[in-house]
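Worksheet: the structure to be examined is printed underneath.
What you see is a predicted model; the values in this text were computed from it and never measured. Numbers here are sequence positions counted from 1.
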Amino acid sequence: MSSDSLPPLPQNLIVLGCGQVAVDFLATVASFPNPDDKIRSTSLKVQGGGNAGNASTCAARLGLNPRLISKVSNDSHGKGILEELEADGVDTSFFIVSEKGNSSFTYVIVDSQTKTRTCIHTPGYPPLIPEELSQSSLLSALDGVNMVYFDGRHHETALVVAKEAARKNIPILVEAEREREGLDDLLDFATYAICSAKFPQAWTEAPSFSSALISMLLRLPKLKFVIGTLGEEGCIMLERSVNGGSDAEEMDVQCLLESLKLIKDDSKTIPTCISSVETKLSANGIGTITGRLFVGTAEKIPPSELVDTTGAGDAFIGAVLYGARICVSIKDPLFPKDPNYQ
């Protein structure tokens with residue numbers, strides 16, 4: 001069906017983020033320095049950063065209405081962070097502003113030769129604690145929200161927000177970049193999870209990436225899907241079946257993954273997605289999940305156009321927030337049911 005015949009989307013899709021914001025100092029160098037070197041940067045940019053800040057900015061630019069719970073100090077960095085987020089359409093009214101301490105900032109060394117970035121982060125101080133978010137502010141922040149996103153920072157406050165969001169049956173997306181204090185508790189509430197390439201195996205101790213995704217869905221029964229991001233190799237997603245699929249054929253998840261990779265068209269420059277049919281996916285020694293496996297490719301960017309990868313994962317999360325909310329809204333009972341819309 002054409003996009004013109006799709007039911008209209010709500011005008012006020014609201015996502016609430018809770019996590020880190022920062023100022024990024026991005027210094028581009030010809031090549032990464034050796035110890036005790038003195039080199040010059042070829043360019044310097046100062047801009048807002050932090051996982052939750054970047055993802056919320058992406059969501060705003062895609063047309064969502066993001067709110068953000070975080071903390072800055074009343075210093076030049078903090079004022080700049082708030083001004084930039086507000087200019088992009090992010091609601092910062094639920095920020096805590098400390099009169100003392102420092103706002104978060106990150107030195108980012110961008111290597112022109114390898115097209116990589118190295119981050120040196122200085123956390124904000126004092127950290128955000130649950131007592132600073134009043135019950136009335138929490139309820140106001142969650143009012144009308146369609147989805148909540150956590151980047152794993154400020155874990156004690158994030159857990160308070162997650163518990164209230166779960167009580168209100170608001171879907172929760174959790175970013176699992178690496179193992180952090182309190183992340184396990186947040187994942188217990190997750191409806192969706194987005195992981196770095198290394199996290200699933202590190203967290204589950206499974207022998208392969210694909211079997212680790214199965215392990216995550218088995219360990220986290222509320223999880224509807226888990227995505228593992230793989231940089232220039234794209235991403236892999238495992239989606240749990242909502243219907244059970246008791247008659248589905250059983251397949252080894254690694255074998256299925258390899259078969260999907262074989263039919264992937266590497267000649268296309270724009271991102272594509274290949275999906276299996278609903279099936280029983282098994283991993284030896286771990287268990288079985290009924291669902292679908294997806295292989296997504298990344299856009300092929302000519303080397304001459306590639307600047308660096310700073311914020312790429314955060315932009316991916318912002319796009320998933322957009323896509324997940326659109327899908328949920330389309331399936332809302334208020335909208336006409338269309339069996340042809342996927």
Side-chain angles (χ1 to χ4, degrees), residues 3 22-34 37 39-64 84 87-89 106-121 151 175-178 194-200 209-210 226-237 257-276 293-324 326:
S3 59
V23 171
D24 285 352
F25 297 86
L26 296 100
T28 302
V29 296
S31 62
F32 195 84
N34 294 314
D37 269 359
I39 62 172
R40 291 189 177 185
S41 62
T42 58
S43 69
L44 176 67
K45 294 180 181 178
V46 181
Q47 60 190 40
N51 296 38
N54 287 340
S56 298
T57 297
C58 176
R61 293 179 181 180
L62 288 173
L64 300 182
E84 188 170 344
D88 271 307
T106 306
Y107 296 121
V108 184
I109 302 174
V110 180
D111 187 335
S112 296
Q113 186 174 14
T114 61
K115 307 296 183 181
T116 58
R117 87 287 185 271
T118 301
C119 301
I120 306 169
H121 180 64
D151 67 4
E175 175 186 359
E177 184 179 36
R178 59 183 177 85
I194 299 179
C195 308
S196 64
K198 295 179 180 179
F199 180 83
F209 183 85
S210 58
V226 55
I227 299 176
T229 57
L230 305 173
E232 63 182 12
E233 296 300 318
C235 64
I236 296 172
M237 181 174 94
L257 177 58
E258 295 303 325
S259 67
L260 291 176
K261 287 181 177 180
L262 287 175
I263 60 176
K264 180 174 69 170
D265 187 352
D266 290 323
S267 66
K268 293 184 177 180
T269 58
I270 61 172
T272 58
C273 183
I274 303 165
S275 168
S276 73
L293 191 66
F294 296 78
V295 174
T297 64
E299 182 177 357
K300 296 186 184 302
I301 302 175
S304 60
E305 298 179 15
L306 182 62
V307 179
D308 69 88
T309 58
T310 307
D314 304 329
F316 181 91
I317 289 173
V320 172
L321 286 169
Y322 175 83
I326 294 299

Report the C-alpha distance between Ile227 and Val320 in whole Å, list the side-chain angles of each, state the deciding distance to 0.1 Å, and finish with yes or no for side-chain contact (heavy atoms from CB on, under 4.5 Å).
CA-CA 10 Å; Ile227 299 176; Val320 172; 4.3 Å; yes
Side-chain donor or acceptor of [X] paired with backbone N/O of [Y] under 3.5 Å:
{"X": "Ser41", "Y": "Ala27", "answer": "no"}
{"X": "Thr229", "Y": "Cys195", "answer": "yes"}
{"X": "Ser196", "Y": "Glu177", "answer": "yes"}

What closest approach, in Å, do [X] and [Y] show between heavy atoms, and which atom pair accounts for it?
{"X": "Thr28", "Y": "Ser112", "answer": "CG2-OG, 3.1 Å"}
{"X": "Leu44", "Y": "Phe25", "answer": "CD1-C, 4.5 Å"}
{"X": "Glu175", "Y": "Asp314", "answer": "OE2-OD1, 4.3 Å"}
{"X": "Ile39", "Y": "Ser31", "answer": "CD1-O, 4.0 Å"}
{"X": "Gly49", "Y": "Asn54", "answer": "CA-OD1, 3.4 Å"}
{"X": "Ala298", "Y": "Glu232", "answer": "CB-O, 3.6 Å"}

Evaluate Lys268 against Thr297 for side-chain contact (heavy atoms from CB on, under 4.5 Å), listing each step before the verdict.
CA-CA 9 Å; Lys268 293 184 177 180; Thr297 64; over 6 Å; no
Enter the distance from [X]:[atom1] to [Y]:[atom2] here, rounded to the nearest 0.5 Å.
{"X": "Ile317", "Y": "Asn51", "atom1": "CD1", "atom2": "CG", "result": "6.5 Å"}
{"X": "Leu293", "Y": "Leu257", "atom1": "CG", "atom2": "CG", "result": "5.5 Å"}
{"X": "Glu258", "Y": "Lys261", "atom1": "CD", "atom2": "NZ", "result": "5.0 Å"}

What residues, two or more places apart in sequence or in another chain, satisfy side chain to side chain donor-acceptor pair (under 3.5 Å) together with Arg61?
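Only Asp88 meet the side chain to side chain donor-acceptor pair (under 3.5 Å) criterion with Arg61.
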Tell me every residue that passes side chain to side chain contact (heavy atoms under 4.5 Å, CB included) with Thr269, counting only those two or more places apart in sequence or in another chain.
Lys300
From CA spacing to verdict: side-chain contact (heavy atoms from CB on, under 4.5 Å), Phe32, Thr114:
CA-CA 9 Å; Phe32 195 84; Thr114 61; over 6 Å; no
Under the side-chain contact (heavy atoms from CB on, under 4.5 Å) rule, what do Ile109 and Val29 come out as? Steps first, then yes or no, please.
CA-CA 7 Å; Ile109 302 174; Val29 296; 3.9 Å; yes
